[in-house]
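Worksheet: the structure to be examined is printed underneath.
Keep in mind the model is a prediction, meaning the values are calculated, not measured.
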Amino acid sequence: MKTLFKSAVLLLVFMMLFSFTACSQSAEPPASEEPPASGGETPEEPAEELPAVALVLNGPVSDMGWNASGYSGLVKIEENFGAEISYTESVAQSDMEDVLRNYAVAGFELIFAHGSQFQDAVINTSSQFPDTTFVIVNGNADGYDNIVCVQVADEEQGFLMGAFAALMTETGTVGVIGGAEIPPITNAVKGFEVGAAYIDSSVEVLSAMTGSFDDITAAKETALAFIDNGADYIAAIANQAGLGPLEATAEKGV
């Protein structure tokens, strides 16, 4: 049974990767099939004017996690559609409104705020720029004409990680480390625990929240403690701080 579950999870991962690739490759608009005008050459349709797109992030694009994935999406917008793009990384809470406002004033018509931490700043800024569309990733702002919210299924991605860890562990102990205690992170950690238990209820799950997306050292020390307690698969859901557990598992060979 465990082998069957392992095969199913691996197949799902490959399907997800294929799906993302297929979506990115089919993003070009279809060619026009309008017949040529009589008595002359086919008239050229005016090129569709694309909105300039900006992205604001609460951490660095080099975090190999949340912010890196947001930046990757922005790059795909440029590659697939040819839109003008710009981004600002590691935006502090106190600067969020200013950064959003500067992009809107500069003419960026589509602004992605990558994280629920930006929600208040977006709400406060959006009313001043009714022609600008703001997208909050993991936001829940309703009733605003120019604010769109996109929710990540955090508990489901956590479930898949936990299931995979439970399938692969040889020690019977796995670990999951979260960063700041906000719903997207706590939901993913809970999903990890449920996913591991779904595969094998006897697998021990060590979990902890460091309370920070920036403290790489604290997350690494937590991972090392988990490894000392027998964990051979560890998930990090902590943005930039997730680099700490990556270092710890590499050093310890788990």
Side-chain angles (χ1 to χ4, degrees), residues 16-17 19-21 23-25 27 50-122 125 132-139 148-154 157-158 161 177-185 188 210-220 223 234-250:
M16 290 171 66
L17 291 173
S19 176
F20 288 135
T21 303
C23 288
S24 67
Q25 290 178 345
L50 297 172
V53 182
L55 171 69
V56 292
L57 307 138
N58 66 355
V61 299
S62 59
D63 67 357
M64 296 177 67
W66 175 254
N67 294 290
S69 67
Y71 175 71
S72 177
L74 182 70
V75 171
K76 286 185 181 298
I77 289 175
E78 180 184 40
E79 292 175 348
N80 292 346
F81 303 105
E84 176 187 354
I85 64 169
S86 181
Y87 72 97
T88 302
E89 59 187 336
S90 301
V91 178
Q93 193 86 28
S94 58
D95 297 329
M96 289 179 177
E97 288 190 32
D98 286 340
V99 174
L100 291 168
R101 187 177 297 107
N102 288 341
Y103 273 127
V105 170
F108 285 83
E109 301 160 85
L110 181 60
I111 301 174
F112 285 88
H114 197 55
S116 58
Q117 302 93 327
F118 289 95
Q119 180 156 305
D120 290 342
V122 169
T125 307
T132 302
T133 299
F134 296 83
V135 180
I136 310 173
V137 183
N138 272 347
V148 177
C149 293
V150 178
Q151 289 288 341
V152 176
D154 303 291
Q157 65 171 349
M161 287 190 285
I177 300 169
E181 294 193 41
I182 58 176
I185 305 301
T210 66
S212 170
F213 287 139
D214 305 312
D215 197 336
I216 297 174
T217 301
K220 180 178 180 178
I234 296 175
I237 312 170
N239 293 14
Q240 184 183 8
L243 295 174
L246 285 177
E247 293 176 3
T249 53

- prompt: Can you list the residues that meet the side-chain hydrogen bond (donor to acceptor under 3.5 Å, both in side chains) rule with E89, with sequence neighbours excluded?
  reply: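 Testing E89 for side-chain hydrogen bond (donor to acceptor under 3.5 Å, both in side chains), a comparison that skips the adjacent residues, returns none.
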Residues that D63 engages under side-chain hydrogen bond (donor to acceptor under 3.5 Å, both in side chains), provided they are two or more places apart: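 Counting only residues at least two positions away or on another chain, D63 forms a side-chain hydrogen bond (donor to acceptor under 3.5 Å, both in side chains) with N67.
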Only counting residues at least two apart or in another chain, list the ones meeting side-chain contact (heavy atoms from CB on, under 4.5 Å) with [X].
X    : answer
A235 : M161, V176, F192
A250 : none
Q119 : I123, I136, N140, A141
T88  : V91, V99, Y103

[X]: salt bridge (charged side-chain N to carboxylate O under 4.0 Å, His left out) partners, not counting sequence neighbours:
X    : answer
E97  : R101
E181 : none
D120 : none

task: Could you tell me which residues satisfy ring-ring contact (aromatic ring centres under 6.0 Å, His included) with F118, sequence neighbours excluded, listed by chain and number?
output: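 Checked F118 against ring-ring contact (aromatic ring centres under 6.0 Å, His included); zero matches.
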Do the side chains of [Y] and [X] get nearer than 4.5 Å, heavy atoms only?
X    : Y    : result
Q117 : N138 : no
M64  : L243 : yes
H114 : L55  : yes

field: Taking every non-hydrogen atom, the tightest pair across P245 and I177
entry: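 Result for this residue pair: CG-CD1, 3.9 Å.
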query: Of the options I237, V152, L57, which is the one that meets W66 in a side chain to side chain contact (heavy atoms under 4.5 Å, CB included)?
result: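 Only one of I237, V152, L57 forms a side chain to side chain contact (heavy atoms under 4.5 Å, CB included) with W66, namely V152.
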- prompt: Rounded to the nearest 0.5 Å, how far does CZ of F108 lie from CD of E84?
  reply: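 Answer rounded to 0.5 Å: 4.5 Å.
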For a quick test of your reading: what N or O donor-acceptor pairs under 3.5 Å do the side chains of residues 211-219 make, sequence neighbours left out?
unit_1	atom_1	unit_2	atom_2	d
S212	OG	D214	N	2.9
S212	OG	D215	N	3.0
D215	OD1	T217	N	3.3
D215	OD1	A218	N	2.9

